[in-house]
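As structure tokens, the structure follows; a few thoughts come after it.
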Amino acid sequence: MEEKYIPATVEGKWQKIWEENKSFKVTEDPAKHKYYLLEMFPYPSGRIHMGHVRNYSIGDVVGRFKRMRGFNVLHPMGWDAFGMPAENAAIQNKSHPAKWTYENIAYMRSQLKKMGLSYDWDRELATCDVDYYKWEQKMFLEMYEKGLAYKKTSFVNWCPKCETVLANEQVEDGACWRCDSDVNQKELEQWFFRITHYAEELLEHTNRLPGWPERVLVMQRNWIGKSFGCEIDFPVEGLMKRVTVFTTRQDTLYGATFMSLAPEHPMALELTTPDRRAEVEAFIDTVKKTDKTRRTAEDFEKEGVFTGSYCINPVTNRRMPIYLANFVLLDYGTGAVMAVPTHDQRDFEFARKYDLPLQVVIQPVGETLDPAAMTCAYTEVGIMANSGPFDGMRSDEAKEKIAEYLDKEGVGKKTVNFRLRDWGISRQRYWGNPIPVIYCDACGVVPVPEKDLPVVLPMDVAFTGEGGSPLAKLDSFFNVSCPQCGQMARRETDTMDTFVQSSWYFLRYCCPDFTSGPIDRARAEYWMSVDQYIGGIEHAVLHLLYARFFTKALRDLGYVNVEEPFTNLLTQGMVIKDGAKMSKSKGNVVDPDALINRYGADTARLFSLFAAPPEKDLDWSDQGVEGSYRFLNRVWRLVCDALPFVGTAGVVDSASLSDAARGLRRVVHKTIKKVTDDIDERFHFNTAIAAVMELVNAIYAFEPKNAPENAAVLKEAVESVVLMLSPFVPHVTEELWEALGHQGGVEDASWPTYDPEAAVDEELLVVVQVNGKLRGKVTVAADATEAQVKELAFADDRVKSWLEGKQVRKAIYVPGKLLNIVVG
RNA sequence: GCCCGGAUGGUGGAACUGGUAGACACAAGGGAUUUAAAAUCCCUCGGGGGCGACUCUGUGCGGGUUCGAGUCCCGCUCCGGGCACCA
């Protein structure tokens with residue numbers, strides 16, 4: 001073995017061996033416990049960043065650890081390879097998204113391999129491969145048949161120059177992020193997944209995910225947003241129509257004095273009287289031009305317009321003017337709100353602005369509100385007033401009574417409303433999975449027959465960056481004969497949201513070579529669910545909710561038998577430097593390549609695991625990296641120095657050990673216990689590493705190393721260090737393991753076992769307190785009785801001085817730990 | 001506004017069910033080795049007082065429970081995150 005630790009040599013050597021031996025290839029083995037470990041796959045943006053280094057280092061520790069513990073570990077990696085950056089890069093470089101993407105994948109794969117990550121590379125997949133996305137098309141069509149995929153018209157952010165839909169995040173101050181044109185609201189027909197069908201189950205099952213961080217579950221519950229309330233019908237005066245509202249505050253129904261509809265509400269124009277028409281149309285137009293983000297901002301001025309029509313409050317018979325109001329959202333509830341200005345702040349502001357009547361129906365206890373004097377709405381619980389038969393009741397109790405009453409009278413019903421909206425998956429983009437649908441003038445929407453799948457994304461397209469999807473201009477793609485009637489028809493040119501691909505990739509990893517369907521049920525049943533999923537918190541709602549939905553949908557299509565895809569979830573923190581998230585604009589980016597070239601992958605991994613527990617943000621420190629590198633050198637030297645003495649060592653004979661040797665063994669086995677628990681139960685790699693560092697310090701202090709009777713203990717200690725560090729720093733430990741005379745890689749060795757007997761303390765340090773303050777320490781035999789400990793403690797000079805002249809009231813003894821003497 | 005987190009030395013962090021606060025590192029200072037440096041090794045390292053053994057004080061702030069509180073309870077402050085014109 002080399003005297004000097006040279007990371008590049010060691011790492012290259014073992015990476016090659018792992019690659020050639022396919023060391024981490026796995027197959028289903030019913031005899032072994034399976035462990036499916038997954039880290040969120042990366043978007044191939046070009047190069048890996050420190051966030052990836054951290055994410056994948058964390059995963060690799062778990063994978064290698066579980067493997068050494070005897071689990072059959074599935075640990076795959078792939079590429080979330082469709083998406084807009086590829087298309088934008090292609091437009092900019094006059095290249096092709098496929099070329100850009102595959103080049104990035106090739107480079108990033110080499111980077112990941114340089115990190116020594118224990119992936120089964122045979123399972124690698126890229127979502128832009130036809131062999132991947134074709135299955136998604138099949139699943140889409142099956143979802144379409146079941147009504148889980150459907151088309152509807154909705155309002156979206158639209159950039160007129162780019163001729164495409166923009167996500168809310170892509171609209172900056174009402175303008176397109178790319179061309180700065182004003183974004184408007186456009187009504188478009190788009191494909192949706194009916195995630196709302198699973199709203200109840202998605203919500204309910206958050207209670208079945210004890211292995212998820214509570215805050216992620218809370219975010220998902222918020223997002224789903226279940227609320228209990230009523231739907232209430234308000235007849236329109238002079239029309240055989242009614243307006244239905246959703247409310248959670250049916251207790252305020254008697255105070256509803258006007259009606260507010262979303263400007264996009266289908267009845268808006270119908271309800272508009274001829275004299276109001278011009279004003280109403282102008283208002284609707286203005287609202288539609290406002291982007292959603294701005295419109296839903298809290299400080300946005302509440303505005304509205306009177307339609308000229310009235311509806312009737314079903315319980316008071318009050319004539320309520322119908323307004324359109326900019327703050328009412330079409331896609332929440334029914335798009336119509338009964339306005340109770342006295343008990344809702346928005347309605348209050350609206351009523352003041354347009355001089356609408358106020359009627360108090362809930363009085364605070366011991367107070368009487370005067371509508372004329374109110375400066376804000378009263379939204380708390382109170383006593384019902386002006387509410388007919390409900391007067392005098394507590395308003396929270398009246399809620400239920402009024403709901404029953406409405407139900408009985410047939411003007412309303414109890415209902416549940418969700419904030420969650422169906423998932424719009426259409427993207428007017430080229431670089432995505434084509435939605436396998438054909439439009440025929442005669443037959444309408446015609447799904448592409450299964451025998452004609454896949455709809456391959458054509459490669460021969462031109463990228464101009466303007467004028468919408470290039471697919472619409474490619475005749476060979478666009479023009480198609482109708483599968484039903486054979487007449488000329490048009491192909492759908494929208495592609496699927498890239499979140500669709502990441503909603504089931506974990507299933508494909510179970511069987512990436514399966515050719516008769518997307519998922520090999522038998523293999524998926526063996527591997528699923530994912531035992532440990534690791535990724536950033538930024539996906540708390542989007543990806544993690546979509547994947548849960550998709551799994552449930554696939555269950556209902558008969559593909560899988562699991563309810564939930566991810567049993568345990570670890571959300572790692574961000575990588576921070578100089579107090580800010582690493583970013584080019586801040587100039588605080590650490591390049592993984594440079595780091596690895598200088599110190600090696602092991603140091604990069606060690607530091608990112610040691611500096612903070614995984615769920616916390618990691619503060620990057622160049623000096624900290626230096627320290628991790630020093631530690632690896634220290635371990636290297638330790639093994640080098642011990643090598644001459646441990647070569648012929650046999651098994652430890654615990655009966656004939658010196659005090660020092662017994663002491664070292666004690667540290668070894670205590671460390672094994674701590675490191676095992678820290679990794680397995682808590683994922684606290686920083687403390688696990690700290691414990692090994694302490695062990696290394698103890699071995700350094702252990703003397704004499706060259707005594708033959710110490711050889712076995714020294715060997716046990718050194719080998720334990722190597723084994724316990726191997727999940728963190730696999731290359732250097734692999735080299736040291738070999739140097740210690742072992743055949744077969746350290747990744748195939750067994751995790752060291754904790755021997756409680758060796759770890760047992762012969763003596764214990766008991767802390768002595770007087771009135772809760774530390775006044776002394778006594779060393780006692782491990783089996784010392786309380787009486788013996790007390791005797792020693794009371795004999796201690798320092799303790800004695802604190803007891804002098806005082807009356808001992810009592811003494812509390814925590815066995816083997818602490819004695820607190822209470823004096824008065 | 002509502003809902004989650006969090007606040008511990010110069011820094012990152014440790015203290016797992018209430019029981020020695022500051023493990024392990026980083027930085028800093030001192031020393032050994034060296035012609036010199038790097039590397040390595042050893043020592044000091046929350047604050048105040050004392051030559052010293054020691055002692056007082058200290059985990060964002062104010063109370064409380066307890067023999068004992070970084071940890072539990074009540075009330076605040078600040079920071080981070082999520083949700084929010086959601087009817």
Side-chain angles (χ1 to χ4, degrees), chain A residues 4 213-223 225 227 229 245-250 252 256 260 262 295-302 325-329 331-340 343-347 349-350 379 417-419 537-538 540-541 573-574 576 607 610-613 615-628 630-631 633-634 637 674 677-678 681-682 684 686-697 700 765-777 797-798 801 809-814 816-824:
Chain A
K4 196 167 160 17
E214 189 58 27
R215 61 179 184 140
V216 174
L217 296 174
V218 167
M219 281 190 231
Q220 293 214 349
R221 288 180 196 130
N222 280 345
W223 189 264
S227 56
V245 304
F246 169 75
T247 182
T248 56
R249 292 300 306 273
Q250 60 272 18
T252 64
S260 306
R295 183 175 153 195
T296 54
E298 192 175 5
D299 54 0
F300 199 70
E301 177 76 21
K302 285 162 192 53
N326 61 355
F327 64 88
V328 179
L329 306 172
D331 44 16
Y332 184 79
T334 59
V337 183
M338 67 175 202
V340 187
H343 305 295
D344 181 286
Q345 187 57 28
R346 295 154 299 179
D347 296 340
E349 288 170 33
F350 197 85
T379 56
N417 191 62
F418 290 94
R419 204 186 77 99
I537 186 78
E538 65 273 18
V541 172
M574 289 187 302
I576 303 284
F607 177 73
F610 178 63
E615 66 277 7
K616 282 188 73 168
D617 284 350
L618 171 86
D619 220 350
W620 196 264
S621 146
D622 293 331
Q623 281 127 347
V625 175
E626 198 75 49
S628 294
R630 269 204 297 272
F631 173 69
N633 275 285
R634 203 165 143 78
R637 279 196 308 277
K674 170 151 183 67
D677 291 349
D678 278 355
E681 288 165 21
R682 308 200 304 158
H684 278 202
N686 55 332
T687 52
I689 293 165
V692 181
M693 285 174 170
E694 285 186 76
L695 174 57
V696 168
N697 292 343
Y700 262 94
L765 185 73
V766 175
V767 169
V768 184
Q769 295 181 338
V770 178
N771 284 351
K773 294 202 188 239
L774 176 70
R775 296 304 181 195
K777 295 170 188 179
D797 284 343
R798 204 173 137 204
S801 73
R809 305 266 179 221
K810 59 175 165 175
I812 289 129
Y813 180 58
V814 182
K817 285 203 132 174
L818 175 139
L819 180 71
N820 189 11
I821 302 163
V822 184
V823 298

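These values consider heavy atoms only, across backbone and side chains, with no hydrogens, waters or symmetry-generated copies. Since the structure is predicted, the reported quantities are computational estimates derived from the model, not experimental observations. Residue numbers begin at 1 in each chain, while the letters A, B, ... track the order of the sequences.
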Side chain of A/Ser621 - closest among B/C24, B/C85, B/C26: B/C26

Look at A/Arg637 and B/C41 and indicate whether a side-chain polar atom (N or O) is within less than 4.0 Å of OP1 or OP2. yes

Gap separating the NZ atom of A/Lys810 from the CG atom of A/Asn820, nearest 0.5 angstrom: 9.0 Å

Think A/Arg775 has a side-chain N or O under 4.0 angstrom from the OP1 or OP2 of B/G68? no

Just how far is it from atom CD1 of A/Ile821 to atom NZ of A/Lys773, taken to the nearest 0.5 Å? 15.5 Å

Length of the line joining A/Phe607:CZ and B/G12:C1', which is rounded to integer Å: 7 Å

For nucleotides B/A36 and B/U55, find the distance between their C1' atoms and express it as a whole number of Å. 46 Å

Residue-phosphate contact under 4.0 Å: A/Asn686 side-chain N/O, B/A14 OP1/OP2: yes

CH2/A/Trp620: more than 12 non-hydrogen atoms of other groups inside 6.0 Å: yes

Counting just side-chain N and O atoms, does A/Arg634 come under 4.0 Å of either OP1 or OP2 of B/C41? yes

Separation of A/Lys817 atom NZ from B/G68 atom C1', in whole Å? 14 Å

Considering only the P atoms, how many Å lie between B/U65 and B/U77, rounded to the nearest integer? 24 Å

If I pick the C1' atom on B/A28 and the same atom on B/G82, what distance separates them, to the nearest angstrom? 40 Å

Return the value, rounded to whole Å, for the distance between atom CE of A/Met693 and atom P of B/A14. 14 Å

Any side-chain N or O of A/Lys777 under 4.0 Å from OP1/OP2 of B/U20? no

When you check the gap from the basic side-chain N to the acidic O, do A/Arg221 and A/Glu214 get nearer than 4.0 Å? yes

Gap in Å between the two C1' atoms, one belonging to B/U20 and one to B/C73, rounded: 25 Å

Side-chain donor/acceptor of A/Lys302 to base of B/C85, under 3.5 Å: yes

With sugar-phosphate meaning primed atoms plus P, OP1 and OP2, does A/Gly627 contact a base, only sugar-phosphate, or nothing at under 4.0 Å between heavy atoms? sugar-phosphate

Closest to the A/Tyr332 side chain, choosing from B/C67, B/A87, B/G12: B/A87

Applying a 4.0 Å non-hydrogen cut-off, can you work out what A/Glu694 is touching in the nucleic acid: base, sugar-phosphate, or nothing? sugar-phosphate

Is any side-chain N or O of A/Asn820 under 3.5 Å from a base N or O of B/C67, one able to act as donor and the other as acceptor? yes

How about A/Arg215: does its CZ atom have over 12 heavy atoms from other parts shown lying under 6.0 Å from it? no

Base, sugar-phosphate, or nothing for A/Val822, non-hydrogen atoms under 4.0 angstrom? sugar-phosphate

Figure out the CH2/P separation between A/Trp223 and B/G81, and round it to whole Å. 17 Å

Do you know the tightest heavy-atom contact between A/Gly229 and A/Gln250? CA-OE1, 4.0 Å

Does A/Arg630 contact B/A39 through a side-chain donor or acceptor facing the base, at a distance under 3.5 Å? no

Going by purine N1 to pyrimidine N3 plus the second Watson-Crick contact, or the G-U wobble pair, all under 3.5 Å, which nucleotide sits opposite B/U66? none

Can you tell me if A/Arg798 touches the phosphate of B/U55, counting only side-chain N or O atoms and a distance under 4.0 Å to OP1 or OP2? yes

With nearest nucleotides of RNA chain B determined for A/Val814 and A/Val218 from heavy-atom distances, which residue corresponds to the more 5′ nucleotide? A/Val218

Closest nucleotide among B/C24, B/G19, B/A84 to the A/Arg419 side chain: B/A84

Can you tell me which nucleotide in B/U20, B/A87, B/C85 comes closest to the side chain of A/Val337? B/A87

Report which part of the nucleic acid A/Lys674 touches: base, sugar-phosphate, or nothing (heavy-atom distance under 4.0 Å, all strands). base

Give me the distance, rounded to whole Å, that separates B/U59 from B/A69 when you measure between the C1' atoms they each carry. 11 Å

Expressed in angstrom and rounded to an integer, what is the separation of A/Phe350 atom CZ from B/C85 atom C1'? 12 Å

What's the closest nucleotide to the A/Leu329 side chain, out of B/G13, B/C85, B/C16? B/C85

Considering every strand shown, what is the Watson-Crick or G-U wobble mate of B/C41 when both distances are under 3.5 Å? B/G31

Assuming nearest nucleotide by heavy-atom distance, tell me which of A/Arg249 and A/Lys773 is located more 5' along RNA chain B. A/Lys773

Distance, P atom - from B/A53 to B/U17, rounded to whole angstrom: 36 Å

Length of the CG-P vector between A/Leu774 and B/U55, whole Å: 9 Å

Under 4.0 Å between a side-chain N/O of A/Lys616 and OP1 or OP2 of B/G12, yes or no? no

The Watson-Crick or G-U wobble partner of B/C85, with both key distances under 3.5 Å, is none

Partner of B/C51 under the Watson-Crick or G-U wobble criteria, both distances under 3.5 Å, comes out as none

How many angstroms lie between atom CZ of A/Phe610 and atom CD1 of A/Ile689, to the nearest 0.5 angstrom? 7.0 Å

Syn or anti for B/G9 (syn when the glycosidic angle lies within 90° of 0): syn

Check every strand shown and say whether A/Ile537 touches a base, only sugar-phosphate, or nothing at a heavy-atom separation below 4.0 Å. nothing

Taking B/G19, B/A23, B/C85 as options, the one with an atom nearest any side-chain atom of A/Ala690 is B/A23

Please determine, by modelled atom types, if A/Asn222 and A/Arg419 share a side-chain donor-acceptor pair under 3.5 angstrom. no

For A/Arg215 and B/G80, give me the distance from atom CZ to atom P, rounded to whole Å. 15 Å

Separation of the C1' atoms in B/A25 and B/C78, to the nearest angstrom: 28 Å

Can you tell me how far apart OG (A/Ser628) and CE (A/Met693) are? Round to the nearest 0.5 Å. 6.0 Å

Have a look at A/Tyr700 and say if it touches a base, only the backbone sugar-phosphate, or nothing, with a 4.0 Å heavy-atom cut-off. nothing

Whole-Å distance between B/U66 C1' and A/Arg809 CZ? 17 Å

Do any side-chain nitrogens or oxygens of A/Asn697 fall under 4.0 Å of OP1 or OP2 in B/A23? no

Of the candidates B/G13, B/G19, B/A14, the side chain of A/Thr687 sits closest to B/A14

Strictly by Watson-Crick or wobble contacts shorter than 3.5 Å, is anything paired with B/G12, and which nucleotide is it? B/C24

Does a nitrogen or oxygen in the side chain of A/Arg346 sit under 4.0 Å from OP1 or OP2 of B/C86? yes

What interatomic distance, in whole Å, is found between C1' of B/G70 and the corresponding atom of B/G22? 11 Å

If you measure from CE on A/Met338 to OG1 on A/Thr247, what distance do you get to the nearest 0.5 Å? 4.0 Å

With a 4.0 Å cut-off on heavy atoms, is A/Asp617 in touch with a base, just the backbone sugar-phosphate, or nothing at all? sugar-phosphate

With a 3.5 angstrom cut-off on both distances, give the Watson-Crick or G-U wobble partner of B/A7, or none if there isn't one. B/U77

